[in-house]
Asks: 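Can you read through this structure? Questions will come right after.
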There are 2 protein chains.
Amino acid sequence: MSESRAMRADARRNRDAIVAAARDVFDRDEQLRFDDFAARAGVGVGTLYRHFPTREALAAAVYEGEVATLVEHARDPEHSAIENLDAVLRGFVEYLVGHAGLARTLAAVVDPAVQADGGVELEGTIGELLRQATADGAVRPGIDVGAIMIVLHGIGSATDRPDWASESRGAVELLLAGLRASRSPSASTGDR
Amino acid sequence: MSESRAMRADARRNRDAIVAAARDVFDRDEQLRFDDFAARAGVGVGTLYRHFPTREALAAAVYEGEVATLVEHARDPEHSAIENLDAVLRGFVEYLVGHAGLARTLAAVVDPAVQADGGVELEGTIGELLRQATADGAVRPGIDVGAIMIVLHGIGSATDRPDWASESRGAVELLLAGLRASRSPSASTGDR
DNA sequence: TTGACAAATGGAGACAGTCTCCATATTCTC
DNA sequence: GAGAATATGGAGACTGTCTCCATTTGTCAA
């Protein structure tokens, strides 16, 4: 993103090859040894490490593009904020469901501990839609983007569940319903 | 749980020592080398491995007790199913928030890939409360326990988020609100 | 073009955990 | 108390991660 200075041509070429190889590996959910990523991309381990010091950094690079696509049609002015929010969240899940292999890795990107531009962008977009939808009165006030991110995080990291795909869709429905619910019913029976 | 045959006294003693040490380590969120768990518990690595072949198995053992406590006051006959469900879910989050270190590891237990009795029990209990609450008409029909588990999974695995505690509480509120919402508003604008 | 300098490469090998194996020690049973 | 059964522990094999630097490749000014 903010490439400080021009990158040498061979460096760029290698970087791209690595990302392409990684996308492929993640997508088919191959459990590959880090060294082998390098072999797969046709570069040496050293090169791999210089470009991407950690597995997460690599994942982040892969997702940057994907997330950009997801987020892109999120500001459709034809629709209200709540409709766009709805579309982004459903779209996100459908994307993950369609790429189960990628989902596992994505958890890292949703995680802010990893400084992934993709994750920041996703959260920013959802946050803005949420703010707008709240202002419109379509979402009950007092909801934090973080709560939504946590649900997404759950979807990304629960891929081992046998019924993961449908459960994930269910989780998003639950989330959307919760956002719109007129008021927090707060049926808490006092304390216990 | 289903200890097939009596365990030799020394074996039981060691097992217990290991679990106690592990609980301690997880709770203070120390990042310990697997070998060191053994040292900490005063046993050899071999012993550790015989009792707990993987890190998850160890985590599962630690949580078995904890989850039992959580689940215990979940069938309070004084309250309706939805009230008990509410209490269990909030209780679960408060427990995790109070033991952030444990939460990270807990993610493994919520995961059914790991055959952890604690996880199975938790899911079973929540499922039953959900079923009952649905029958009572307090929860809108068609909701799958799995969707709830996914949200819990998210809470357990998002501990790196700087504002994790409050976001987790927010996620549970969202979840509870979604459960009660009268109908899935389905504001989806057709397809896109 | 070409020379000179900076940047990038790759893979051998150092390193750090994980896990196995089995001679020895402990517990149990009669 | 003897013998059988079970458990122990830790040395060392193994597996994957990451560093380091001699060599190669690209860039640019002349």
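We name chains A, B, ... by the order of the sequence lines, and we start the count at 1 in each one.
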Asks: Output yes when a side-chain donor or acceptor of B/W164 lies under 3.5 Å from a complementary backbone atom of B/G156, and no otherwise.
Replies: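 Pair absent, no side-chain N/O of B/W164 close to backbone of B/G156.
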Asks: Using a 4.0 Å heavy-atom cut-off across all strands, classify A/F34 as base, sugar-phosphate, or nothing.
Replies: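 Sugar-phosphate only.
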Asks: Report the distance from atom NE2 of A/H51 to atom C1' of D/dC18, rounded to the nearest whole Å.
Replies: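 Nearest whole value for this atom pair: 16 Å.
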Asks: State which residues pass side-chain hydrogen bond (donor to acceptor under 3.5 Å, both in side chains) with B/R13; sequence neighbours excluded, sorted by chain then number.
Replies: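 Applying side-chain hydrogen bond (donor to acceptor under 3.5 Å, both in side chains) to B/R13 gives none.
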Asks: Sequence neighbours left out, what passes side-chain hydrogen bond (donor to acceptor under 3.5 Å, both in side chains) with A/D29? Give chain and number order.
Replies: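 Partners of A/D29 under the side-chain hydrogen bond (donor to acceptor under 3.5 Å, both in side chains) test: A/R104.
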Asks: Please work out if A/D10 contacts a base, only the sugar-phosphate, or nothing of the nucleic acid, heavy-atom cut-off 4.0 Å.
Replies: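 Since only primed, P, OP1 and OP2 atoms lie under 4.0 Å of A/D10, the category is sugar-phosphate.
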Asks: Regarding B/N14, tell me which of base, sugar-phosphate or nothing describes its non-hydrogen contacts under 4.0 Å with the strands shown.
Replies: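 B/N14: backbone/sugar contact only, no base atoms under 4.0 Å.
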Asks: For DNA chain C, whose closest nucleotide is more 5', that of B/P53 or that of B/R50?
Replies: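 It is B/P53 whose nearest nucleotide is closer to the 5' end.
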Asks: Rounded to the Å, how far apart are B/R12 CZ and D/dT6 P?
Replies: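 So the two atoms are 17 Å apart, to the nearest Å.
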Asks: Using a 3.5 Å distance criterion without hydrogens, assess whether the side chain of A/R140 forms a donor-acceptor pair with backbone atoms of A/G178.
Replies: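 Yes; at least one donor-acceptor contact below 3.5 Å.
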Asks: Regarding B/R8, tell me which of base, sugar-phosphate or nothing describes its non-hydrogen contacts under 4.0 Å with the strands shown.
Replies: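 Base, at least one base heavy atom under 4.0 Å.
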Asks: Roughly how many Å is it from CG in A/D36 to P in D/dT15, rounded to a whole number?
Replies: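 Taking CG of A/D36 and P of D/dT15, I get 13 Å after rounding.
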Asks: Go through it in stages, so that I can follow the logic: the residues are A/L58 and A/F34, the test is side chain to side chain contact (heavy atoms under 4.5 Å, CB included), and I'd like the CA-CA distance, side-chain angles, deciding distance and then a yes or no.
Replies: CA-CA 10 Å; A/L58 186 51; A/F34 208 54; 4.2 Å; yes
Asks: Applying side chain to side chain contact (heavy atoms under 4.5 Å, CB included) to B/H51 and B/V43, what does each step give before you reach the verdict?
Replies: CA-CA 11 Å; B/H51 286 296; B/V43 304; over 6 Å; no
Asks: So which heavy atom on B/R75 is nearest to which on B/N84, and how close?
Replies: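 Heavy-atom minimum between the residues: C-ND2, 4.0 Å.
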Asks: Which sits closer to the 5' end of DNA chain C, A/D35 or A/G42, going by the nucleotide each is nearest to?
Replies: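 Upstream on the strand: A/G42.
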Asks: From OH of A/Y49 over to C1' of D/dC21, roughly how many Å is that when rounded to an integer?
Replies: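 Going from A/Y49 (OH) to D/dC21 (C1'), I get 18 Å.
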Asks: Under 4.0 Å from any heavy atom of chain A: name the first and the last nucleotide of DNA chain C that qualifies, 5' to 3'.
Replies: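 From 5' to 3', the first and last contacting nucleotides are C/dA6 to C/dG11.
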Asks: Does D/dG9 have its OP1 or OP2 closer than 4.0 Å to a side-chain nitrogen or oxygen of B/T47?
Replies: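 It does, given that an N or O in the side chain of B/T47 lies less than 4.0 Å from OP1 or OP2 of D/dG9.
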Asks: Tell me the interatomic distance from A/L58, atom CG, to D/dT17, atom P, rounded to whole angstroms.
Replies: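 It is 12 Å, rounded to the nearest whole Å.
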